[in-house]
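Report on the following structure.
We number each residue from 1, following the sequence as shown. Just so you know, these numbers use all the heavy atoms, side chains as well, and skip hydrogens, waters and symmetry mates.
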Amino acid sequence: MKENEFPILKISDVDWDEDHDELEKLPRDFELEWGSKNWNIDEVSEWISQKFDWVFNSINIQQVGTWKQDSG
C-alpha cells in the first residue's frame with residue numbers, strides 16, 4: 001500500500017446477539033474503510049460493537065481492496 005492508501009474491509013455474516021429490540025436494522029454485511037494500514041480482528045470487532053452499540057456472536061472480516069485518503 002502507498003502512504004495514503006488504507007484497507008477496505010468486507011464485513012460479512014455478522015451474527016448479532018438477538019436480544020436487540022431492532023435486530024432487523026443491524027447490518028449483516030457491509031464494507032468499512034479502515035483508517036489505519038494495519039488491522040486485526042479484535043480491533044475491528046471492538047469498533048463494530050461500539051459503532052452499532054451492540055455485541056455479536058461471530059463475524060467474517062476480509063480485506064478486499066484499498067481506499068485513498070485525500071492529501072487535502
Query raised in the report: Once you round to the nearest 0.5 Å, how far does CH2 of Trp67 lie from CG of Asn4?
Result: 9.0 Å
Report summary line: Rounding to 0.5 Å, atoms CG (Leu26) and CZ (Phe56) come to a distance of 11.5 Å
Report summary line: Rounded to the nearest 0.5 Å, the CD1 atom of Ile11 sits from the CG atom of Leu32 at a distance of 5.5 Å
**Report entry** Inter-residue atom distance Arg28.CZ - Ile59.CD1, 0.5 Å rounding
**Finding:** 11.5 Å
Requested in this report: To the nearest 0.5 Å, tell me how far Glu31 CD sits from Ser12 OG.
Outcome: 10.0 Å
Query - Single-linkage hydrophobic cluster Trp47~Ile61, side-chain heavy atoms < 4.5 angstrom - result: yes
Report task. Identify the heavy atoms of Pro27 and Val14 that sit nearest to each other, and give their distance. Result -> O-CB, 3.9 Å
Query raised in the report: Are Phe52 and Ile41 linked, directly or through other ILVMFWY residues, by side chains that come within less than 4.5 angstrom of each other?
Result: yes
**Report entry** Lys68 to Phe6, cation-pi by 6.0 Å centre distance and 45° axis angle
**Finding:** no
Report task. Group every Ile, Leu, Val, Met, Phe, Trp and Tyr by side-chain heavy-atom contacts under 4.5 Å, then state whether Phe30 and Val44 land in the same group. Result -> yes
Report summary line: Closest non-hydrogen contact found for Ser36 with Pro7 is O-CD, 3.1 Å
Query raised in the report: Any salt bridge (charged side-chain N to carboxylate O under 4.0 Å, His left out) pairs touching residues 6-24, not counting sequence neighbours?
Result: Glu22-Lys25
Query raised in the report: In this structure, are over 12 heavy atoms from other groups packed under 6.0 Å from Asp29 atom CG?
Result: yes
Report task. Give a yes-or-no answer on whether the side chains of Gln63 and Trp39 include a donor-acceptor pair shorter than 3.5 Å. Result -> yes
